Amino acid sequence: MPELPEVETIRLGLQKYLVGHTILDVDIRMAKIFQGEKKNVIGAKITDIKRIGKVLIVELNNEFLIAIHLKLTGQLIYRGERVSRVPRVSRVKIGGELPNKFTHVIFHLDRNSVLYYNDMRKFGWIRIVENSKLKMQSFFKDLGPEPFKDLTFSKFIKIVQSSKTPIKLVLMDQKKIGGIGNIYANEALFDAGIDPRRPAKQISEEEAKKLYSSILKVLKNGIKYGGSSDVNFVNALGEDGSYQEHFLVYGRKGEKCRRCGLVIKKIKLGGRGTYFCPACQR
DNA sequence: AGCTGTACCTGCAGGC
DNA sequence: TGCCTGCAGGTACAGC
């Protein structure tokens, strides 16, 4: 499901509701999702929630942490005393009642609270890791610099100009840049007026400047609108985001370009659906 | 080194 | 109505 803005939306929710809770037990219903020893987190208190790229990090008051990757369809939903009402859940196809058939891990917390991990396609994972060993893990050791963190413009232009692959694939390559996925790559390239097929190294400095600020802009907007619930993203309370209502190209094949009125095209790039306006993006 | 295709899963939309 | 195909926000890995 989620890219940087969706994961950040969940992080903000979890930070509000989860910090301070103690983990009483972990109910693992699908073994492949949960990696590591649950005994290392039982009894620990949650001290903070962080995000590295598209991965959530639940910090504990011991020497372990919980790293969670939601991949395409993972959801983390909190229910407990700090939520005065159960939000109306409209777009979670799985319906409002929890747990359901897609609930694969349940964290039982103190004060009658619960954190559900749901994942229709079971691609995601929850990993118990020693604090000091996180950066040695396969996913993290190769992760590129991140927008809003260490992705400066001078790093960005070096990354872009050192690859001959299509610019869209460079934006989505987590080893080059952390956090951008298919939706925001499409939207950023539209905003910058750049054809997603262009070999990255032939992007000029001026275009790179525009693209850099477009990336920050679309990610910021994604966070502002609480993420995109185009399919089944929900925040930490199970509620929808609304950024899908603001998409300018993603998913708009055959519709009119909002800038010039010509028809949005869809092609495949690196196996992923790619939407663009042939007139505005060059 | 770096690219491409495929695998991992399940549900759903669209075509016939 | 129902079957079949392709597609979906992400990575990891095999093979060239």
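Proteins come first, then strands; the chains are lettered A, B, ... in the order of their sequence lines, and each starts at number 1. No experiment lies behind these values; they were computed from the predicted model shown.
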Which nucleotide in [options] has an atom nearest any side-chain atom of [X]:
{"X": "A/Phe102", "options": "B/dT10, B/dC9, C/dA12", "answer": "B/dT10"}
{"X": "A/Arg272", "options": "C/dA8, C/dG10, B/dC8", "answer": "C/dG10"}
{"X": "A/His69", "options": "C/dA8, C/dT11, B/dC8", "answer": "C/dT11"}
{"X": "A/Asn182", "options": "C/dG10, C/dT11, C/dA12", "answer": "C/dG10"}
{"X": "A/Met120", "options": "B/dG11, C/dA8, C/dT11", "answer": "B/dG11"}
{"X": "A/Lys54", "options": "C/dA8, B/dG11, C/dT11", "answer": "C/dT11"}
{"X": "A/Met172", "options": "C/dA8, B/dC3, C/dG10", "answer": "C/dG10"}
{"X": "A/Ser163", "options": "B/dT4, B/dC3, C/dA8", "answer": "B/dC3"}
{"X": "A/Phe123", "options": "B/dT4, B/dC3, B/dC8", "answer": "B/dC8"}

Is any side-chain N or O of [X] closer than 4.0 Å to OP1 or OP2 of [N]?
{"X": "A/Lys176", "N": "B/dG2", "result": "no"}
{"X": "A/Lys122", "N": "B/dC8", "result": "no"}
{"X": "A/Gln174", "N": "C/dT11", "result": "yes"}
{"X": "A/Lys164", "N": "B/dA1", "result": "no"}

Round to a whole Å and report the spacing from [atom1] of [X] to [atom2] of [N].
{"X": "A/Arg121", "N": "B/dC8", "atom1": "CZ", "atom2": "P", "result": "13 Å"}
{"X": "A/Arg29", "N": "B/dC9", "atom1": "CZ", "atom2": "P", "result": "20 Å"}
{"X": "A/Asp173", "N": "C/dG10", "atom1": "CG", "atom2": "P", "result": "12 Å"}
{"X": "A/Lys141", "N": "C/dA12", "atom1": "NZ", "atom2": "C1'", "result": "12 Å"}
{"X": "A/Lys101", "N": "B/dT10", "atom1": "NZ", "atom2": "C1'", "result": "9 Å"}
{"X": "A/Leu269", "N": "B/dC3", "atom1": "CG", "atom2": "P", "result": "12 Å"}
{"X": "A/Met30", "N": "B/dC8", "atom1": "CE", "atom2": "P", "result": "15 Å"}
{"X": "A/Gln75", "N": "C/dA8", "atom1": "CD", "atom2": "P", "result": "19 Å"}

- Knowing that exactly one of A/Lys45, A/Arg51, A/Lys50 qualifies, which makes a salt bridge (Lys or Arg N to Asp or Glu O under 4.0 Å) with A/Glu59?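 Option passing the salt bridge (Lys or Arg N to Asp or Glu O under 4.0 Å) with A/Glu59: A/Lys50.
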Looking at every strand, decide which applies to [X] at a 4.0 Å heavy-atom threshold: base, sugar-phosphate, or nothing.
{"X": "A/Lys268", "value": "sugar-phosphate"}
{"X": "A/Gly270", "value": "nothing"}
{"X": "A/Ser228", "value": "base"}
{"X": "A/Tyr184", "value": "nothing"}
{"X": "A/Lys253", "value": "nothing"}

The dot-bracket string of DNA chain B, counting Watson-Crick and G-U wobble pairs with both distances under 3.5 Å, using [ ] for crossing pairs and | for pairs to another strand, is .|||||||.|||||||
Exercise for review: Compute the centroid of each ring, for A/Tyr243 and then for A/Tyr184, and state whether the two points are separated by less than 6.0 Å.
Suggested key: yes
How long is the gap from [atom1] on [X] to [atom2] on [Y], to the nearest 0.5 Å?
{"X": "A/Leu171", "Y": "A/Gln174", "atom1": "CG", "atom2": "CD", "value": "10.5 Å"}
{"X": "A/Tyr225", "Y": "A/Asp240", "atom1": "OH", "atom2": "CG", "value": "16.0 Å"}
{"X": "A/Tyr117", "Y": "A/Phe34", "atom1": "OH", "atom2": "CZ", "value": "12.0 Å"}

Taking the side chain as everything from C-beta on, heavy atoms only, tell me whether A/Lys71 gets closer than 4.5 Å to A/Trp125.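 Yes - at least one pair of side-chain heavy atoms lies under 4.5 Å apart.
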* To do: Provide the distance between the two P atoms, one in C/dT5 and one in B/dA7, to the nearest whole Å.
  => 16 Å
